[in-house]
Amino acid sequence: MPGIEYILAALTPFNIFLAITGVIAGTVIGSLPGLTATMAVAVLVPITFSMEPSSALIMMGAIYTGAIYGGAYAAILLNTPGTPSAIATTFDGFPMAKRGEGDLAVSIACIASVTGGLVGAAFLLMLSPPLAKVALAFGPVEYFWLAIFGLTLISALSEGNLLKGLIGACFGLLLACVGIAEISADVRFTFGSQVLLGGIETVSALIGLYCIPVLIDLVATPDKHLKVTHQSRGFRFLEALALSWKAKFSLIRSSVIGTLVGILPGAGGSIAGLVSYSEARRTSKQSENFGKGEPEGIMATESANNATVGGGFIPTLVLGIPGTPPDAVILGALLIQGVKTGPSLFTEGGSIVYTFIYGLFLATILMLPVGLVIGRYAYRTIITVPKAMLVPTVAFMTVIGTYAIRNSISDIIIMILLGVVGWILNRFGFSPSPIVLGLILGRIAEQGFVQAWTIGAATEELGKMFFGRPISLVIIAFILISLFYPVIRARLPKLTLFRGKNNE
Amino acid sequence: MSDQSINPARDTGGMVMACVFILIASISLWDTTNMMDSDSYVFPRAIAIAMIVMSLFLIIWNIVRPAGFMQEEHQKGSAARRIFLVAVMLLSCLVMPWLGFLISGIVTFGLLMLVSMYDPWTRGRKIVYPLVAGVIVVGFYTLFSKLLLVPLPVGLLFE
């Protein structure tokens, strides 16, 4: 266990200032639909070039962790995940906000994010070298199955029909294929349009599919966006804390899942959130309340996605392989600083890496007061702003946020059209979540599939390639469980009853 | 409500959408025939075939065992306002290269404010709302163009 000198080095007034500034900036940027954690880190990274490496890392870690948490605000209050990792937060966050408990949902998200962040940082501090090996055990076929696992999970979790969820996921995967193929550079599904050559940008699609349907419905009626309670109820911190304590095992389990998924390069917070959400729903005594505004659902997602911050740093620092996209930006910044990542960083560059890890603890703890204050302000703003201001403001933010991603007006048009498609599909019971996740995971799934296919075809062991590797088999088992668990669970009481009657 | 009182209705809308998905997947399959490299078409073909199979299964399942489909409250409200919102947003994108981000943003904001207004336009609102709208649009424009250095379109008319 590294010594106290690193803790003291992390706690200098300058580092505390950087941590607070980073968390505030990250939370605000992450809360705006269209501005992701990657963008938050990328935009603010030049500020860190003149700093000491450990201070620079503390600031980038604080921005990153704040941005992941900030994504929960839009998910809870607007039904639009501010970042892809907050997709599952919409399942219970928005129903809670609709029934007038948005303030409680925001406080729960804050406590869960802090818990997840601390668990992720603890794993980073104590288990980095052995856990980094997990990242290397995953080959292309495992990533393919992992992506499919994420898609089956979200299909099973989407309220209503599993088949519709799976069809939506396939639609998302096909949308991900639009543009120039990454491996062979063939032009696919553009039908002669130059606009589609660059493909469909995932965050624009996310904004369109989630945010535009909300706006379309919001403008159609004079009803309030969220139920308004007139008496001030404060932060509802103690209430949120009591609920979190009640679900402490779920919270810790979700944080560990988030950390472990975060270690896998490319998997990211969206899969981590979904796996944790699914596991929390499976084991919860109130599993039937999930999707209807169950606080444990928010806890599971938010703790897991913030745990990916610490988890993602493990392969980044130990192997030099970025665990998540923001880690890739941070890795680039470290290389500019002259810091060489790798196993030797923990021994030769101990002062940098351990000061940073303690700084990450500091930033995560600071996220509690900062997050509660900003969350309360966001909630009050959303419920008090009149509809005539809310609709154009959100619409304007979706437009400017989408444009900022690739500086493209075409992306805005695609975003709006996808929003209309999402609204129509939603009317017929097709949830936007599987489509969005299909788009996000399409690249990982295709790369894994094509690489495994090529290797399998070359070695004439195609079946063995896809179904013969131990980790793949475990993931396939999880896929089958996620697909058939609701059927098995529904049939189980009937079977037990039938056996009971036979025994009588 | 007891289970017996639920009259299982066919999810006709879902079946129509399944047909649309079959059409989309078929067009995708046809498009893959133009691709030269197997690395390009193996994945989308697999997905398109899976999508067709599942859509067919959804249709057959609905014919054989209609489970009933609860339509959500999407239909209530003004269709004209919905269409106006989408039309205004799309039009603002089309005029953006000429008018620039700032002007098209202000105009779009104003129009969307009108379409989403259900309260009476009092004198106070007539003054405050446009002012706040201006502050929001100019504020975000400044944040993105000056601080985040996003090259927002200036507009051909103002170059």
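Worth knowing before you read on, the calculation uses all heavy atoms, side chains too, and leaves out hydrogens, waters and symmetry mates. In what follows, every chain begins at residue 1, and chains take the letters A, B, ... in the order their sequences are listed.
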Item to check | Set of side chain to side chain donor-acceptor pair (under 3.5 Å) partners for A/Gln451, sequence neighbours left out | outcome: none

Checklist entry - By a 4.5 Å heavy-atom criterion (distance strictly below it), what part of B/Leu90 contacts chain A: side chain, backbone, both, or neither? => result both

Item to check | chain A contact via B/Ala46 - which portion, at a heavy-atom distance below 4.5 Å | outcome: side chain

Checklist entry - A/Leu166, A/Ile400, A/Val399: which one forms the most heavy-atom pairs within less than 4.5 Å of chain B? => result A/Ile400

Item to check | Value rounded to 0.5 Å, distance of CZ in A/Arg406 from CD1 in A/Ile412 | outcome: 12.0 Å

Item to check | B/Trp30, part contacting chain A, at a heavy-atom distance under 4.5 Å | outcome: side chain

Item to check | CD1 on B/Ile106 to CZ on B/Phe101, rounded to 0.5 Å | outcome: 11.0 Å

Item to check | Partner chain B: residue of A/Ile216, A/Val391, A/Ile424, A/Asp223 with the largest heavy-atom pair count (under 4.5 Å) | outcome: A/Ile216

Next on the checklist: Please check this pair: side chain of A/Arg188 against backbone of A/Val178, looking for a donor-acceptor N/O pair closer than 3.5 Å.
Outcome noted: no

Checklist outcome for this item: Pair count under 4.5 Å, heavy atoms only, with chain A: among B/Gly13, B/Ala18, B/Ser40, highest is B/Ser40

Checklist outcome for this item: Whatever's closer than 4.5 Å to a heavy atom in chain B on A/Thr393 counts as both

Next on the checklist: For A/Ala388, which atoms come within 4.5 Å of any heavy atom of chain B: side chain, backbone, both, or neither?
Outcome noted: both

Item to check | Contacts of type side chain to side chain contact (heavy atoms under 4.5 Å, CB included), residue A/Ser31, not counting sequence neighbours | outcome: A/Tyr73

Checklist outcome for this item: So CH2 of A/Trp145 and CZ of A/Phe467: to nearest 0.5 Å the spacing works out to 4.0 Å

Checklist entry - If you look at every heavy atom in A/Ala395 and A/Thr398, which pair is closest and at what distance? => result O-OG1, 2.6 Å

Item to check | Separation of A/Leu78 CG from A/Cys211 SG (nearest 0.5 Å) | outcome: 6.0 Å

Checklist entry - Can you say whether B/Ser28 sits under 4.5 Å from chain A via the side chain, the backbone, both, or neither, judging by heavy atoms? => result both

Checklist entry - Is the A/Tyr403 to B/Phe144 ring centre distance short of 6.0 Å? => result no

Checklist entry - Are the side chains of A/Pro392 and B/Ser116 in touch, meaning some heavy atoms are under 4.5 Å apart? => result yes

Next on the checklist: I'd like to verify something: which residue of B/Met35, B/Met117, B/Met96 has the highest number of heavy-atom pairs under 4.5 Å with chain A?
Outcome noted: B/Met35

Checklist entry - Tell me, side chain or backbone of A/Val420 under 4.5 Å from chain B's heavy atoms, or both, or neither? => result side chain

Next on the checklist: Between the side chains of A/Arg427 and A/Asp217, is the shortest nitrogen-to-carboxylate-oxygen separation below 4.0 Å, so that they form an ion pair?
Outcome noted: no

Checklist entry - Tell me, side chain or backbone of A/Leu215 under 4.5 Å from chain B's heavy atoms, or both, or neither? => result both

Next on the checklist: Please determine whether the number of non-hydrogen atoms from other residues, nucleotides or ligands lying under 6.0 Å from atom CH2 of B/Trp121 exceeds 12.
Outcome noted: yes

Next on the checklist: Using side-chain heavy atoms (C-beta onward) and a distance below 4.5 Å, is A/Lys387 in contact with A/Pro222?
Outcome noted: no

Checklist outcome for this item: Scored by heavy-atom pairs under 4.5 Å with chain A, the best of B/Asp39, B/Leu111, B/Val150 is B/Asp39

Next on the checklist: If I compare all heavy atoms of A/Ala176 with all of A/Gly438, which pair ends up nearest, and what's the gap?
Outcome noted: CB-O, 4.0 Å

Checklist entry - Checking A/Phe396 against chain B: side chain, backbone, both or neither under 4.5 Å from a heavy atom? => result side chain

Checklist entry - Would you say B/Leu91 and B/Thr108 make side-chain contact, with heavy atoms under 4.5 Å? => result no

Checklist entry - For A/Ser410, is it the side chain, the backbone, both or neither that has a heavy atom under 4.5 Å from a heavy atom of chain B? => result neither

Checklist entry - So, B/Asp31 side chain and A/Phe189 main chain: donor-acceptor pair closer than 3.5 Å or not? => result yes

Next on the checklist: Please classify the contact between A/Phe449 and chain B as side chain, backbone, both or neither, with a heavy-atom cut-off of under 4.5 Å.
Outcome noted: side chain

Checklist entry - What residues of residues 49-60 of chain B sit under 4.5 Å from chain A when only non-hydrogen atoms are counted? => result B/Ala50, B/Met51, B/Met54, B/Ser55, B/Phe57, B/Leu58

Checklist entry - Under a 4.5 Å heavy-atom cut-off, does chain B meet the side chain of A/Asn407, its backbone, both or neither? => result side chain

Checklist entry - So is B/Arg81 actually on top of B/Tyr118's ring, under 6.0 Å and inside 45° of the axis? => result yes

Checklist outcome for this item: Among residues 123-134 of chain B, those lying within the under-4.5 Å heavy-atom range of chain A are B/Tyr129, B/Val132, B/Ala133

Item to check | A/Ala169 portion near chain B, given a 4.5 angstrom heavy-atom threshold | outcome: neither

Checklist entry - Taking the six-membered ring of B/Tyr41 as reference, does the NZ or CZ atom of B/Arg45 fall below 6.0 Å from its centre and within a 45° cone about the axis? => result yes

